[in-house]
J.: 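Okay, handing you the structure first.
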Amino acid sequence: MSPGLLRYVAERAARAALTVFGVVTLVFLLVRLVPGDPVDAILGDQASPEDRADLRRALHLDESFGDQYVAFVGDIGNGSLGHSFRRRNVTVWSLIREVLPATVVLALAALLVAWALAVPLGSLAASRQGTRWDGAASTFAMLGLAIPNIWLGPLLILVFGVQLRWLPLPGDGEGGVAALILPAITIGTALAAILTRQTRGSMIEVLSEQYIVAARARGLSPRSVVLKHALRNALLPVMTVGAAQLGALLSGTVIAEKIFERRGLGTLFLEAFFDRDIPVVQGCVLVIAAIYVTVNLAVDLFYGVVDPRVRLS
Amino acid sequence: MRRLKKLPIGVIIVGVFAVMATVGPWLAPHDPAAIDLHHQYELPSFAHFLGTADNGVDILSVLLYGARLAGLVGLLVVGISLFVGTTFGMVAGYRGGLSDHVVTGIADMVQAFPAILLNIAILALVARPGIAHLVFALAVNGWVLYARVARAQTFTVREREYIQAARALGMSEGRILLRHVLPNVAGPLVVQATSGIGAVILAESTLSFLGLGPGTNASWGALLDQGSAVLLRFPHVALFAGSTIATTVLGFNLAGDWLRDRLDPKAIR
C-alpha cells in the first residue's frame with residue numbers, strides 16, 4: 001500500500017470509529033436525558049413495582065452516572081448488548097442474531113432490485129436522450145420517488161397477490177424467493193428511482209468525455225461504447241449516492257417487515273417498542289447504526305482504492 | 001414551458017391540502033371517532049362519500065381531521081428544524097474551525113441512524129407519546145438537513161466584500177448573520193422547507209402506520225394501517241388513505257421544485 005492510500009484508510013477508519021463512539025454515547029444519553037425518572041416516563045404510572053425494578057436494573061439506573069456508562073459500554077464490549085428487560089435471561093444480541101439474517105437478505109434483495117432496475121434504465125435514458133426511453137426513465141424516477149413505501153406495499157399486494165395471484169400473500173407462511181419479491185420491490189423502488197436519475201446524469205457526463213468520442217471514432221458500436229467504456233466510470237458516483245441511501249433502505253425493512261408480516265430486525269424493534277423493552281430497542285439501534293457506519297466506511301475505502309483522485313481531496 | 005406546467009399541480013395540491021387542514025374539520029360530515037358497528041367497511045355512498053372503515057367511522061371525516069394533524073405536525077417540525085438548523089448552520093459556516101467541527105460532527109452522528117429508527121427510539125422513552133413528543137422526535141433529525149444547506153450557503157458568502165465591510169465597520173457577529181448572511185441563504189432554505197413539509201407529513205404517516213402515532217387523533221397513517229389489515233376484503237380503505245398521503249407528499253415536492261425554479265433563474269432542471 002502506498003503511503004497516501006494508507007493515510008486515507010487510517011483517516012477514514014478513525015472517523016468511522018469516532019462516529020461509532022458518538023453513536024454509542026448518544027444512545028446512552030437518550031434514556032438519561034428524559035426529564036424526571038426515566039422509568040416513570042417509559043412505563044407510565046400503571047406499571048407494577050416488579051417491572052419498574054427490572055427496568056431499573058436492566059438499565060443500571062441505580063449506579064452512579066460514570067458506572068452506568070462503564071456498564072453500558074461493557075455490555076457492548078462483551079458482545080451481549082445487555083439483557084432484555086422482559087425476558088431476563090436472554091441477551092439482546094441473541095435476540096438480534098436470530099432475526100438479523102432475514103433482514104439482511106431482505107435488504108440485499110431490495111438492493112438487487114434497485115440496481116437491476118436503475119442501471120439499465122439510466123444507461124438507456126442517457127444513451128438515447130430525448131427519446132421515449134428517456135421519458136420513461138424520468139417518469140419512473142418521479143413516480144418511484146413520490147410513492148411512499150407504506151402505500152406501495154399494500155398496492156403491490158392488491159395487484160400481484162389478490163388480482164393476479166402471481167405471488168404469495170403476507171402471512172401465507174410461504175418462505176423462499178417468491179415471498180421476497182414484493183417486499184424487496186416495496187423497499188427498492190425509491191432507491192431505484194434515485195439511482196436511475198444518478199446513473200443517467202453520470203452517464204451523460206461520461207459519454208461526452210474524450211475517450212468515449214475516441215472509442216466512437218474507432219468505429220465501436222454504441223452498445224459496446226456504453227457497456228465496455230462508459231458504464232464502469234459512470235457507476236462510481238452512483239455507488240456513493242447508493243451508499244448514502246442505506247439509512248432509507250434500513251428504515252424500509254422495518255416497514256416492509258410489518259406490511260408483509262416477516263420476522264426480522266424491524267419486527268423485533270417494533271415489538272420491543274410496544275413492550276417498552278428499552279435494552280432491546282437500544283440494541284437494535286446500535287446494530288443498525290453499526291451496519292450503516294461500516295458499509296459507508298467500506299464504500300469510502302473501495303472508492304479510494306479504485307479512484308486515486310479521491311485520496312487527495 | 002415546463003415551469004408553467006409545474007405551477008398548477010404542485011401548488012394546487014398544497015393549496016387544497018392547506019384548505020383541508022384549516023377548515024376541513026368543520027366541513028367533515030361526521031365525527032371521525034363516531035362508532036357505527038352496523039356500517040363497517042361500506043363502499044362509498046351518499047351517506048358516506050368515501051365509505052366507512054373500522055368500526056364504521058366515516059373515511060372522509062378521518063381524512064379531513066387527519067389533514068389537520070399532518071399540517072400541524074408538518075409546520076411545527078419544519079419550523080423548529082428550520083430555526084435550529086439555520087442558526088447552527090450559519091454559525092458553523094461563518095465561524096468555521098471548532099464550531100464547524102462540532103456542528104458537522106453532531107450532524108454526522110444523527111445521520112448515522114436511519115431517521116425512522118431514531119424517531120421510534122425516542123418515542124419509546126415515553127409511555128404514551130402525544131403530538132408534542134412526535135414533533136420533538138421528528139425535529140431531532142429534521143434540523144440536520146437545514147443546517148447543512150445553511151452552512152454550505154454561508155461558506156459561499158462569508159468572504160464577500162459586503163460581509164467584510166460590515167465586519168470592518170464593527171458590526172456584531174449576530175447582526176452580520178441576521179442582516180447580511182440570512183437574506184442570502186434564505187432562498188435554498190425555503191425551497192428545502194417546502195418539500196420538507198411533505199417529508200414530515202410522510203414521516204408522521206409512517207409512524208402512525210407503524211402504530212406509534214399520537215393515538216387520540218384521526219391520522220392518515222393509522223387509517224392506512226387499518227386499511228392494510230383488511231386489504232384483501234375491503235381495499236377501498238387503504239386506497240383512499242394511501243392515495244391521499246401519496247398525493248400530498250408529491251404535491252409538496254412539486255411545489256418545492258417549482259419554487260426552486262422560480263428563485264434560481266440559473267437552475268437548468
Side-chain angles (χ1 to χ4, degrees), chain A residues 15 18-20 22-23 25-27 30-31 33-34 38 40-47 142-143 145-155 157-158 161-162 169-170 246-252 254-255 258-259 269-270 272-274 276-278 281-282 284-285 288-290 292-293 296, chain B residues 105-106 108-129 133 140-141 198-199 201-203 205-212 220-221 224-225 227-229 231-233 235 237-239 241-254 257 269:
Chain A
R15 195 186 296 173
L18 200 66
T19 309
V20 169
V23 164
T25 310
L26 203 65
V27 170
L30 224 49
V31 172
L33 287 179
V34 173
D40 278 345
I42 293 164
L43 295 179
D45 36 22
Q46 309 285 315
M142 204 188 72
L143 288 179
L145 271 176
I147 192 158
N149 46 18
I150 51 173
W151 175 218
L152 181 59
L155 266 187
I157 294 173
L158 269 184
V162 180
L169 296 168
L246 183 71
L249 188 76
L250 292 170
S251 302
V254 179
I255 292 157
K258 178 189 153 81
I259 297 175
F269 185 58
L270 286 178
F273 174 91
F274 290 116
R276 303 284 128 172
D277 198 340
I278 301 297
V281 170
Q282 290 179 334
C284 292
V285 170
I288 290 174
Y292 183 85
V293 173
N296 272 297
Chain B
I106 297 176
D108 281 347
M109 238 170 267
V110 170
Q111 286 195 322
F113 302 99
I116 291 272
L117 263 93
L118 184 56
N119 300 335
I120 297 175
I122 292 171
L123 290 174
L125 301 177
V126 205
R128 289 154 94 209
H133 301 113
V140 164
N141 41 28
I201 289 175
L202 179 57
S205 296
T206 304
L207 289 171
S208 299
F209 176 79
L210 294 173
L212 318 171
W220 292 353
L224 179 56
D225 181 30
S228 301
L231 191 62
L232 309 187
R233 286 173 301 150
V237 183
L239 279 170
S243 43
T244 305
I245 298 170
T247 312
T248 307
V249 175
L250 179 65
F252 276 97
N253 282 339
L254 290 176
D257 287 354
R269 267 194 295 179

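Below, chains carry the letters A, B, ... as their sequence lines are ordered, and counting in each starts from 1.
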J.: Give, for atom CD1 of B/Ile116 and atom CD1 of A/Ile255, the distance between the pair rounded to the nearest 0.5 Å.
T.: 5.5 Å
J.: Grab the two heavy atoms, one from A/Pro154 and one from B/Leu231, that are nearest each other, plus how far apart they are.
T.: O-CD2, 3.4 Å
J.: Evaluate the side-chain proximity of B/Ile120 to A/Leu270: yes if any heavy-atom separation is below 4.5 Å, no if none is.
T.: yes
J.: For B/Leu224, is it the side chain, the backbone, both or neither that has a heavy atom under 4.5 Å from a heavy atom of chain A?
T.: side chain
J.: Which residue out of A/Leu246, A/Asn296, A/Val285, A/Leu249 racks up the most heavy-atom pairs below 4.5 Å with chain B?
T.: A/Val285
J.: Taking atom OG1 of A/Thr19 and atom CD of B/Gln111, what is their separation to the nearest 0.5 Å?
T.: 11.0 Å
J.: Check whether B/Ala115 gets within reach of chain A through its side chain, its backbone, both or neither, counting any heavy atom under 4.5 Å.
T.: backbone
J.: Please round to the nearest 0.5 Å and tell me the distance separating atom CH2 of A/Trp151 and atom CZ of B/Phe209.
T.: 10.5 Å
J.: Which bit of A/Val23 comes within less than 4.5 Å of chain B, counting heavy atoms only: side chain, backbone, both or neither?
T.: both
J.: Please report the interatomic distance CG(A/Asn149) to CG(A/Leu155), rounded to the nearest 0.5 Å.
T.: 12.0 Å
J.: As an exercise: rank B/Leu239, B/Val110, B/Ile245, B/Asp225 by heavy-atom pairs under 4.5 Å with chain A and give me the winner.
T.: B/Leu239
J.: Cation-pi check for A/Phe274 against A/Arg276: NZ or CZ below 6.0 Å from the six-membered ring centre and within 45 degrees of the axis, yes or no?
T.: no
J.: Please identify, among A/Leu250, A/Val281, A/Leu158, A/Val293, the residue contributing the most non-hydrogen atom pairs under 4.5 Å to chain B.
T.: A/Leu158
J.: Among B/Asn253, B/Leu118, B/Leu232, B/Thr206, which residue has the highest count of heavy-atom pairs closer than 4.5 Å to chain A?
T.: B/Thr206
J.: Under 4.5 Å from any heavy atom of chain B, what part of A/Ala289 do you find: side chain, backbone, both or neither?
T.: both
J.: Before giving the answer on side-chain contact (heavy atoms from CB on, under 4.5 Å), spell out for B/Asn141 and B/Asn119 the whole-Å C-alpha distance, their side-chain angles and the decisive distance to 0.1 Å.
T.: CA-CA 8 Å; B/Asn141 41 28; B/Asn119 300 335; 3.3 Å; yes
J.: Can you tell which of A/Ala248, A/Ser251, A/Ala146, A/Ala290 has the highest number of heavy-atom pairs within less than 4.5 Å of chain B?
T.: A/Ser251
J.: Can you tell which part of A/Ile150 gets under 4.5 Å to a heavy atom of chain B, answering side chain, backbone, both or neither?
T.: both
J.: Shorter than 4.5 Å, heavy atoms on both sides: which option in B/Ala238, B/Ser228, B/Gly221 has the most such pairs with chain A?
T.: B/Ala238
J.: Can you say whether A/Val31 sits under 4.5 Å from chain B via the side chain, the backbone, both, or neither, judging by heavy atoms?
T.: both
J.: Restricting to non-hydrogen atoms, name the atom on A/Lys258 and the atom on B/Leu210 that form the minimum distance, rounded to 0.1 Å.
T.: CD-CD2, 3.5 Å
J.: Enter the distance from B/Ile201:CD1 to B/Thr248:OG1 here, rounded to the nearest 0.5 Å.
T.: 6.0 Å
J.: Identify which part of B/Ile106 has an atom lying under 4.5 Å from any heavy atom of chain A, answering side chain, backbone, both or neither.
T.: neither
J.: Side chain, backbone, both or neither: which part of A/Ile259 has an atom under 4.5 Å from a heavy atom of chain B?
T.: side chain
J.: Does any backbone or side-chain atom of A/Leu30 lie under 4.5 Å from a heavy atom of chain B? Answer side chain, backbone, both or neither.
T.: both
J.: Answer with side chain, backbone, both or neither: which region of B/Thr247 has an atom nearer than 4.5 Å to a non-hydrogen atom of chain A?
T.: neither
